[in-house]
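First listed ligand is number 1; within each ligand, the first listed atom is number 1. In this text, all values refer to a predicted model and were calculated from it rather than measured experimentally.
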Amino acid sequence: MSKNIVNIPWSKEEADDVYHISRWGDGYFDINDEGHLCVLPNQDENGPRIDIAEVLEEMKAQNIPFPIVVRFHDILRSQVKVINETFREVIKEANYNGQYKGVYPIKVNQMREVVEEIVDAGAPYDYGLEAGSKPELLSVLAFNDNLNALTVLNGYKDEDYLRLALLGNKLGRKVIVVIEKFSELHKLLKLSREMNVEPMIGLRAKMAVKGSGKWSDSGGEKAKFGLTIAEMLTAVQILKDEGSINSLKLFHFHIGSQVTDIRTIKEVMREGGRIFAKLSQLGAPLEYFDVGGGLGVDYDGSQSTNDSSVNYKLQDYASDIVYILKEICDAEKVPHPNIVSESGRAITARHSCVITNVIDKIETSFTDYETNKIPGEHTLVSNMRELFDTLDVENAQEIYNDALDTKKECLNAFRLGILKLEERASLETLFWKITKKITSLLPEMEFIPENLYDIEQGIAPQYLCNFSIFQSAPDLWAIGQLLPIVPITKLNIKPHNNGTLVDITCDSDGKITKFIDINETKNLLPLHELTPNEDYYIGLFMTGAYQDVMGDLHNMFGRLNEVHVFCDDEDPTDFYIEEVIKGSSCENVLSAMQYNPEAMAYTMKKNIDRQIASGKINPREGVKLVDFYEECLKSYTYLKN
Ligand SMILES: *Cc1c(COP(=O)(O)O)cnc(C)c1O
């Protein structure tokens, strides 16, 4: 298709009005003079910056195929610092007597490199880890050996889990077992006597307050986890009776992830603070007040209580926790406990993104077919042409309704054998031309009639992207979570089209038709025209929390190639790639599904040999085909381009 592409220059501000980078980016992202998206690892416009397009060039030079996950480890480190410093500042300002002792819940992103980076950046703050299962505990025990950092254990626990926890206590580590279920308490006390070590015990309260947003089911009376007030009182009594009350160290709740409304935080703090204080008065020597997770991330930048947003900042979150707890403790005359939060999403969400190359643009409305009048053509075709010729701003709605009718009649006539294939092609092309012209007239209309509103969506091109939503952004598909999506380059050129994104899975759900906007969402994303021999890359941002580690193998598309990017301390405009992690090969994915790739290759070879023996394939070609099959088994699961 030859179409003259006109590039209209675009300012950074205009680009920001469309992609809202300054709203969701929290100071970590910016556009440079070349129109490339950049990372500012220190949230400082005058500080170091990494040009993401340069990172992609480097990938290409190293022959790393797309799609890729890019991790900015500087952002991860920065987030660890920011949360610790913020709580410290608020604590100081409030004259609060306890300390902040945060833990990172590794389920949010269990990648070894991510956990290592967080532990390293958190070392000056004695930042700890949280585990929710036996395999997570195995990893947490090995990865944080700071004796001053907490290790908090949630989730349902069997004997091995509890033994592992006590092993940690034996090593002098502050491993706290949070009792989620009453029976765990008896088991823990029994095993600790057996292993001759004093446990550290936490109690998880079932809160009446429910979280807000999509993840709110972790709270409320029907929550899966936690003890009722009656159970907590009984637990305290049991610990007293057994002479183990000094093991009771921590009070915990968790009302769900991504709490969107700050009022929920205030409410749960008032409930939790009182329970804590009353338990303390009963003689429970609680040293830690653990507010769980829930600190949200503003994915759409709207600063609202939308599911994908939050109406507060970290500063507000920390202030509410510290000040409310202080007020309650002072009123109830109990000492200020240390404060623990298990913030995972807020630490990791921003540090990674998925970058995919656009393979093609799929046009719904094909308008390149010849539509000139042919002698003797059916009147339906002539009618449609006349509608097209008379269309203007004034009559758009009327013409559109008539065109819809004519299109319907066309189909009837075709089914009856009255219309030729060429006539139907001509008529439908004219119909698409009408809709296209109407969309171009929409900006001139004072009032847009409702039926014209959806036309643009209907004919918008679909950009085919080399990735699987099910692997790389599962929440986008499963719960309609929004993620910011932005082209990596050309941000200094006005986008040519409004389009949607489709992935390469064979699933009609594999598409993105909702994009962030200030008030509501928008159905179409402004995107640029594709140019032959020029790559066009689109980034899905804020995929570092949950998305990274939850993706499934839909259509057997596997894990992505990954690069870990660091800012170069010597040169603030440079970066280096510390690590490249290969994504899944077809072989890996097949094995995960219980196939045996070696046996498969063997079967294929047998089949080819048989064809060679019968003379249908020549031996040289046969060897090549066998090699090709084996090579494909070892290759990346995504499209090569
Ligand atoms: C999932 C989970 C977290 C993490 O919550 P975020 O909202 O991601 O910070 C913390 N604590 C517990 C018990 C969890 O289950």
Side-chain angles (χ1 to χ4, degrees), residues 76 79-80 82-84 86-87 100-111 114-115 118 122 127-137 140 150-157 161 176-181 184 202-207 209-220 223-227 250-262 264-265 268 272 288-299 307-310 312 314 317-318 321 339-352 474-475 479 481 542-550:
L76 203 51
Q79 284 297 93
V80 172
V82 166
I83 195 169
N84 279 285
T86 304
F87 266 102
Y100 175 69
K101 289 284 206 169
V103 291
Y104 167 67
I106 71 164
K107 75 151 192 253
V108 181
N109 192 322
Q110 309 97 332
M111 281 277 301
V114 170
V115 176
I118 290 172
Y127 198 55
L129 295 172
E130 186 263 4
S133 69
K134 199 158 42 183
E136 287 187 358
L137 173 53
V140 158
L150 295 185
T151 302
V152 178
L153 306 184
N154 293 308
Y156 291 134
K157 302 160 196 80
Y161 189 139
I176 303 182
V177 175
V178 176
I179 302 298
E180 310 260 12
K181 210 164 44 113
E184 290 170 356
L203 297 180
R204 175 165 179 170
K206 206 173 255 186
M207 307 298 283
V209 178
K210 276 182 87 164
S212 48
K214 292 203 188 272
W215 292 268
S216 60
D217 287 347
S218 309
K224 196 157 69 154
F225 292 115
L227 306 180
L250 177 139
F251 172 78
H252 170 97
F253 57 77
H254 171 71
I255 55 166
S257 199
Q258 184 73 5
V259 172
T260 57
D261 192 344
I262 189 74
T264 310
I265 306 286
V268 79
Y288 300 97
F289 187 98
D290 180 351
V291 299
L295 173 56
V297 168
D298 195 359
Y299 290 95
D307 285 339
S308 301
S309 186
V310 284
Y312 57 91
L314 170 60
Y317 178 79
I321 289 171
I339 293 171
V340 180
S341 84
E342 305 173 347
S343 309
R345 186 185 295 276
I347 296 285
T348 58
R350 284 194 182 81
H351 92 282
S352 86
D475 278 347
I479 53 173
Q481 144 128 50
M542 305 226 244
T543 57
Y546 301 101
Q547 307 314 291
D548 256 6
V549 288
M550 285 196 329

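Shortest contact from atom 14 (C) of ligand 1 to any protein heavy atom: Lys107 NZ, 2.8 Å. Scanning all protein heavy atoms for the shortest distance to atom 6 (P) of ligand 1 gives Ser257 OG, 3.4 Å. Scanning the protein heavy atoms around atom 11 (N) of ligand 1, the nearest turns out to be Glu342 OE1, 2.5 Å.
Contact atoms of ligand 1 toward Tyr546: 1 (C), 4 (C), 5 (O), 6 (P), 8 (O) (distance under 4.0 Å to a heavy atom of the residue). Counting atoms of ligand 1 from 1 in the listed order, those under 4.0 Å from a heavy atom of Gly294 are 5 (O), 6 (P), 7 (O), 9 (O). Residue Gly344 approaches ligand 1 through these ligand atoms, each under 4.0 Å from one of its heavy atoms: 6 (P), 8 (O), 9 (O). Below 4.0 Å from some heavy atom of Arg345 lie the following atoms of ligand 1, by number and element: 6 (P), 8 (O), 9 (O). Each of the following atoms of ligand 1 lies closer than 4.0 Å to a heavy atom of Val108: 8 (O). Taking a cut-off of under 4.0 Å to the non-hydrogen atoms of Ser343, the atoms of ligand 1 that pass are 9 (O).
Side-chain contact of Tyr100 with Ser341: a donor-acceptor pair under 3.5 Å is present, judged by distance alone. Gln547 and Asp475 form a side-chain donor-acceptor contact under 3.5 Å, judged by distance and modelled atom types alone.
Checked by atom type and distance alone, the side chain of Glu184 pairs as donor or acceptor with a backbone atom of Lys157 at under 3.5 Å. At least one donor-acceptor pair closer than 3.5 Å links the side chain of Asn109 to the backbone N or O of Gly544.
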